[in-house]
Amino acid sequence: MGKALGKKGLGKGLEAFFPEQEEVISEQVKYVPINELRPNPYQPRKTFSEAALAELRDSIRVHGVLQPVTVRESIKGYEIVMGERRVRAAKQAGLTEVPVIIQTLAETEMMEIALIENLQREDLNPIEEAIAYEKLLANTTVTQEQLAKRLGKSRPHIANHLRLLQLPQVVQEFISVGKLSMGHGRALLGLSDKEKLSMVLEQILQQSLSVREVEQLVQRVNEHVSRETKKVTVNLSLAIQEQQAQLRDALGTAVTIKPGKKKGKIEIDYFSESDLERILTLLVQPSDV
């Protein structure tokens, strides 16, 4: 059983990354045991839609694997270059072997093909897409501008995705699973005091804030931090400084202790009604008596 497959079978635009290679006239399709296939270590997609896999699995049960999986030989079995989703669905369908096309590829070529093929499918989440861009730029000689042109993207599109990788891991994870959008992530990049991140994230998720509302929230927090840093520092005793820090950590917001000769003040900052309710809940604990 054979099937002609040219270089174009690797994905539209890949020729731009391998201009020195001539189109392959014909490649032989062969069947290999599915347990000899290993995932591509450069696969940028970390999450696979269970619904899409189930749909593909049902199709494979009826029609088989119509498009061969592209692989390369490794020390033990084969590494998947393209087609990991097909392999996963084939396993679920109970197949013991799948059709493959074996290609001889260098490590960098394998990485480039896997990353570009996934980028062109446009089904990566923003963080996976950003990681793919980062790997391509780090391991090839292409610039952001060249990469944008070859993928049909704008340079700001690529630059904005790369900026997401500057976010804390928790924010990247929320973007990956869809709890936050790329726009939310870009707004959070502007937060000047990273210690306020947990409080801001809690408010975003609890109130389902829009990107615009997050931008406004970040601006208010930054303005508050700026005012605080400009205030004249009061000579506080080490004990009061420590108590002030304990309150700040316990309440997750700025706390200022202002001692006086006969009485003092404790100022607690909040940024919305829900934030006030959160702080009150922490302060007013039910009595154990």
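Numbers here simply count residues along the sequence, with the first being 1.
Leu167 and Val177 are assigned to two separate hydrophobic clusters, defined by single-linkage of ILVMFWY side chains at heavy-atom distances under 4.5 Å. A continuous path of ILVMFWY side-chain contacts below 4.5 Å connects Ile204 to Leu197, so both sit in one hydrophobic cluster. Both Ile102 and Val69 sit in one connected hydrophobic cluster of ILVMFWY residues. Membership requires side-chain heavy atoms under 4.5 Å apart, directly or through other members. In this structure, Val211 is not a member of the same hydrophobic cluster as Val200, with clusters built from ILVMFWY side-chain heavy atoms closer than 4.5 Å. Residues Val170 and Val218 are members of one and the same hydrophobic cluster, defined by side-chain heavy-atom contacts under 4.5 angstrom among Ile, Leu, Val, Met, Phe, Trp and Tyr.
Looking at Arg86, its side chain does come within 3.5 Å of a backbone N or O of Gln67 through a donor-acceptor pair. One N or O on the side chain of Gln244 and one on the backbone of Ile257 form a donor-acceptor pair closer than 3.5 Å. Panel note: side chain Glu128, backbone Ser176; no donor-acceptor pair is recorded below 3.5 Å. The main-chain N or O of Ser181 is found under 3.5 Å from a side-chain atom of His184 such that the two form a donor-acceptor pair. Checked by atom type and distance alone, the side chain of Asn222 pairs as donor or acceptor with a backbone atom of Gly190 at under 3.5 Å. With hydrogens and angles ignored, the 3.5 Å screen pairs no side-chain donor or acceptor of Arg57 with any backbone N or O of Arg88.
Met82 contributes atom CE, which lies 4.0 Å from atom OG1 of Thr70 (distance to the nearest 0.5 angstrom). In this structure, CG in Leu205 is found 5.5 Å from CZ in Phe174, a value given to the nearest 0.5 Å. Here the CD1-CD distance, from Ile60 to Glu55, works out to 11.0 Å after rounding to the nearest 0.5 Å. If you take NZ on Lys196 and NE2 on His224, they are separated by 5.5 Å, rounding to the nearest 0.5 Å. Separation of atoms CD (Gln243) and CD1 (Ile266) is listed at 8.5 Å; rounding is to 0.5 Å. One finds the CZ atom of Arg61 at 11.0 Å from the CG atom of Leu56 (value rounded to the nearest 0.5 Å).
Shown here for Val65 and Leu95, the closest heavy-atom pair between the two residues is CG2-CD2, 3.9 Å.
When side chains are defined from C-beta on, Leu188 counts as touching Leu201, because their heavy atoms get closer than 4.5 Å. Within the 4.5 Å cutoff, the side chain of Gln203 has no heavy atoms near those of the Glu213 side chain. Counting heavy atoms from C-beta on, the side chains of Ile80 and Val100 never come closer than 4.5 Å. Between Leu53 and Gln92, the closest side-chain pair of non-hydrogen atoms falls below 4.5 Å. Taking 4.5 Å as the limit, every side-chain heavy atom of Arg186 sits out of range of all side-chain heavy atoms of Glu215.
Listed by first and then second residue, the salt bridge (Lys or Arg N to Asp or Glu O under 4.0 Å) pairs that reach into residues 71-83 are Arg38-Glu79, Arg72-Glu79, Arg72-Glu107, sequence neighbours excluded.
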Could you walk me through whether Asn125 and Ile175 pass the side chain to side chain contact (heavy atoms under 4.5 Å, CB included) check? CA-CA 8 Å; Asn125 67 56; Ile175 294 174; 5.7 Å; no
Determine whether Met182 and His161 satisfy the following criterion, side chain to side chain contact (heavy atoms under 4.5 Å, CB included), listing intermediate values before the conclusion. CA-CA 8 Å; Met182 180 175 172; His161 276 77; 3.4 Å; yes
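With salt bridges taken as basic N to acidic carboxylate O contacts below 4.0 Å, none links Lys149 and Glu145. Look at Glu223 and Arg220 and you find no salt bridge, because none of the NZ, NE, NH1 or NH2 atoms lies under 4.0 Å from a carboxylate O.
With respect to Pro126, the side-chain contact (heavy atoms from CB on, under 4.5 Å) criterion is satisfied by exactly one of Asn160, Leu180, Ile131, Leu164: Leu164.
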